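Note that ligands are numbered from 1 as they come in the structure, with each ligand's atoms numbered from 1 the same way. Keep in mind that what you see is a predicted model, and the values were worked out from it rather than measured.
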Amino acid sequence: MARLVLKFGGTSVGDIDRIRNVARHVKREADAGHDVAVVVSAMAGKTNELVGWCRQASPIHDAREYDAVVASGEQVTAGLLAITLQAMGVNARSWQGWQVPIRTDGSHGAARIQDIDAAEIVRRFEERQVAVVAGFQGLAPDNRIATLGRGGSDTSAVAMAAAIGADRCDIYTDVDGVYTTDPRIEPKARRMARISFEEMLEMASLGAKVLQVRSVELAMVHKVRTFVRSSFEDPDAPGMGDFDNPPGTLICDEDEIVEQQVVTGIAYSKDEAQISLRRVEDRPGVAAAIFGPLADAGVNVDMIVQNISESGDATDMTFTVPAGDLDKATAILEKAKSQMRYDALQSESGLTKVSVIGIGMRSHTGVAATAFKALAARGINIKAITTSEIKISILIDGDFTELAVRTLHGVYGLDKA
Ligand code: ASP
Ligand code: MG
């Protein structure tokens with residue numbers, strides 16, 4: 001028998017009927033004899049409502065009290081699921097973060113998990129008890145509830161899986177797996193059977209929304225085999241309880257992937273903005289003078305392109321920021337213009353970053369050239385390029401997002417099985 005963590009997101013527990021459906025998934029695994037810990041999110045929309053109430057109460061508020069309020073969403077779901085399971089004859093008990101305890105650091109509102117003492121939960125597996133744990137929360141060193149940042153219950157689930165030595169962490173969500181690209185843009189997108197941790201980390205960081213980025217990092221560090229699957233399917237449909245081959249996508253070590261493709265997926269993120277500083281003085285310390293203040297202000301700078309200057313005295317510096325941060329970034333740069341020593345600032349929003357991802361790129365050449373050629377054939381202009389060992393990111397005009405995604409998906413043969 002195996003040990004499993006099952007995680008259910010907000011839409012999967014959106015109302016009592018859905019919680020009942022989730023309970024049937026849990027019961028199926030418990031009846032099969034597995035040790036089961038469940039991690040739940042707040043019911044869909046609940047966290048937004050709670051955050052809104054904090055803001056209404058006072059636009060500026062104490063992060064500890066924010067945590068006291070927003071952590072309640074998950075606590076409600078955990079209790080409701082335990083009640084539902086008990087009514088179905090499953091021995092279940094709910095756990096709030098502090099009861100486990102899940103210990104975090106002191107960054108209220110954006111805390112990191114430091115340690116989980118799961119001894120009591122594991123002991124109760126012997127009594128065949130299912131643990132239903134509230135996600136998104138833990139106990140800070142000040143003995144107060146801390147929350148992990150939005151989307152944090154994925155991280156709770158992976159951390160719990162590492163703590164109890166689970167064979168797998170099943171993330172049940174509103175999609176049935178990880179796709180080669182967004183199926184809403186490219187209907188020919190295919191569900192992957194497997195994807196490596198590194199590739200998934202790139203996919204999540206570069207725009208795929210299926211998992212919180214931090215949860216993938218954690219899964220990679222602790223080698224937690226993580227499985228993305230749908231909570232909306234009939235829990236008792238054939239194959240759903242198949243331990244070795246359930247329907248969905250396994251995120252795992254690359255060693256577990258036999259047939260490695262060169263390119264595995266295309267991700268995109270809209271709403272990027274580009275800033276160019278013209279004729280930046282070319283001397284040591286200039287990049288630090290530009291990016292230091294942006295970092296201090298919490299502006300997330302992404303692609304950075306600096307050319308080697310011909311004359312040796314001035315160069316151009318181009319970089320991207322989320323469109324929502326453009327005004328803030330511009331204000332900072334204009335204020336500090338004299339220290340930063342540039343001639344002019346130009347910016348443009350409404351851009352998209354499209355990324356080609358695949359571990360096979362490490363050992364194959366020509367992957368980037370293929371992308372550039374395919375985009376050129378469609379008349380799509382490339383504004384900036386960055387690469388890493390396993391990805392190529394290309395900045396384009398946002399109007400071409402769909403066309404670029406479909407073109408790249410096709411050119412690497414991702415629409416063919
Ligand atoms: N309920 C929290 C949120 O909406 C955490 C989560 O669902 O992952 O951000
Ligand atoms: Mg989520």
Under 4.5 Å between any side-chain heavy atoms of V411 and K373, yes or no?
no

Could you tell me the separation between the CD atom of E348 and the CG atom of D397, rounded to the nearest 0.5 Å?
6.5 Å

Please state whether G10 comes within less than 4.0 angstrom of ligand 1, counting heavy atoms only.
no

Here the atoms of ligand 1 under 4.0 Å from any heavy atom belonging to S41 are 6 (C), 7 (O), 8 (O)

State yes or no: are the ring centers of Y172 and F232 separated by less than 6.0 Å?
no

Can you tell me which portion of Q212 lies within the under-4.0 Å heavy-atom range of ligand 1? Options are side chain, backbone, both, or neither.
neither

Please check if the number of heavy atoms outside R3 that lie under 6.0 Å from its CZ is greater than 12.
yes

For R150, atoms of ligand 1 separated by under 4.0 Å from a heavy atom:
3 (C), 4 (O), 9 (O)

Answer yes or no: does an N/O atom from G151 fall short of 3.5 Å to an N/O atom of ligand 1?
yes

Report yes or no: does a heavy atom of G135 sit under 4.0 Å from some atom of ligand 1?
no

Any idea which heavy atoms bring P247 and M240 closest together, and the distance?
CG-SD, 3.6 Å

Would you check whether E74 reaches within less than 4.0 Å of ligand 1, judged by its heavy atoms?
yes

Measure from NZ or CZ of R55 to the centre of the six-membered ring of Y66 and say whether it is under 6.0 Å with the direction within 45° of the ring axis.
no

